[in-house]
Every structure is written in structure tokens, then in C-alpha cells.
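Scope of the values below: all heavy atoms of this structure, side chains included, with no hydrogens, waters or symmetry mates.
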Amino acid sequence: MERSPERLSGVDMYFLTPAPLDDRHIAARWPRLATSPGKTWGHVDLAAWMRTTGVAITPSFFVVDSSGTLRTVIRGEMSLEALLRS
């Protein structure tokens, strides 16, 4: 995703992690995604996340349509190709 953020143009994405992140860390690690429109970064409490989603923090995509309906969950693979296949 970092190499081709333009392929996700018009897609809102939320990057969540149980580890604290600050803007400098995000910009240093993912400079193109950090400034890409529609990308939001956040910190979640691991216990609350697991209660809400039933998923331990692993690389996971939750694909939600424009009405807010969960369409698919992709676990264990963090790639643009996996996301686009869904």
C-alpha cells in the first residue's frame, strides 16, 4: 500500500494498532500513506478491540461498504493485492 497509495484513491482506510503511534513515527515508516487522503491512524485498547471484533490483533482488513455493512474480513495477509481481491 505504501508503494501505490494512489490505487486506493477515494477509499477511506482506518489503520488501528494496540501500540501507541505518533505522527513522526507514521511519517517515517509510511511517508506516502501518511499524507494520502482518506487515511486515518489510531490506537485501540487490545481488550476492547477483542471484545468488539472477536479478533486478536493480527494483520487484518475489515472491508465495509458505504452503508457501513461489513462485507469481508481478511486475516493474516497485509497486502494491497489481498485488499483489492476482496
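With hydrophobic clusters built from ILVMFWY side chains whose heavy atoms lie under 4.5 angstrom apart, Met50 does not share a cluster with Tyr14.
Counting non-hydrogen atoms of neighbouring residues, nucleotides and ligands closer than 6.0 angstrom, the CG atom of Asp23 reaches no more than 12 such neighbours.
For Ala19, the side chain to side chain contact (heavy atoms under 4.5 Å, CB included) partners are Thr17, not counting sequence neighbours. With sequence neighbours excluded, no residue forms a side chain to side chain contact (heavy atoms under 4.5 Å, CB included) with Thr52. Considering only residues two or more places apart in sequence or on other chains, Arg24 meets the side-chain hydrogen bond (donor to acceptor under 3.5 Å, both in side chains) condition with none of them. Residues forming a salt bridge (charged side-chain N to carboxylate O under 4.0 Å, His left out) with Asp65 (at least two apart in sequence, or on another chain): Arg71. Listed by chain and residue number, nothing satisfies the side chain to side chain contact (heavy atoms under 4.5 Å, CB included) test with Ala28 (two or more places apart in sequence, or in another chain). Considering only residues two or more places apart in sequence or on other chains, Ser66 meets the side chain to side chain contact (heavy atoms under 4.5 Å, CB included) condition with none of them.
Counting heavy atoms from C-beta on, the side chains of Leu33 and Phe15 come closer than 4.5 Å.
With rounding to the nearest 0.5 Å, the separation of NE2 in His25 from CH2 in Trp30 is 4.5 Å.
When all heavy atoms of Ala34 and Ala27 are compared, the closest pair comes out as CB-CA, 3.9 Å. Across Lys39 and Pro37, no two heavy atoms sit closer than the pair NZ-O, 3.0 Å. Nearest heavy-atom pair across Thr35 and Pro31 is OG1-O, 3.4 Å.
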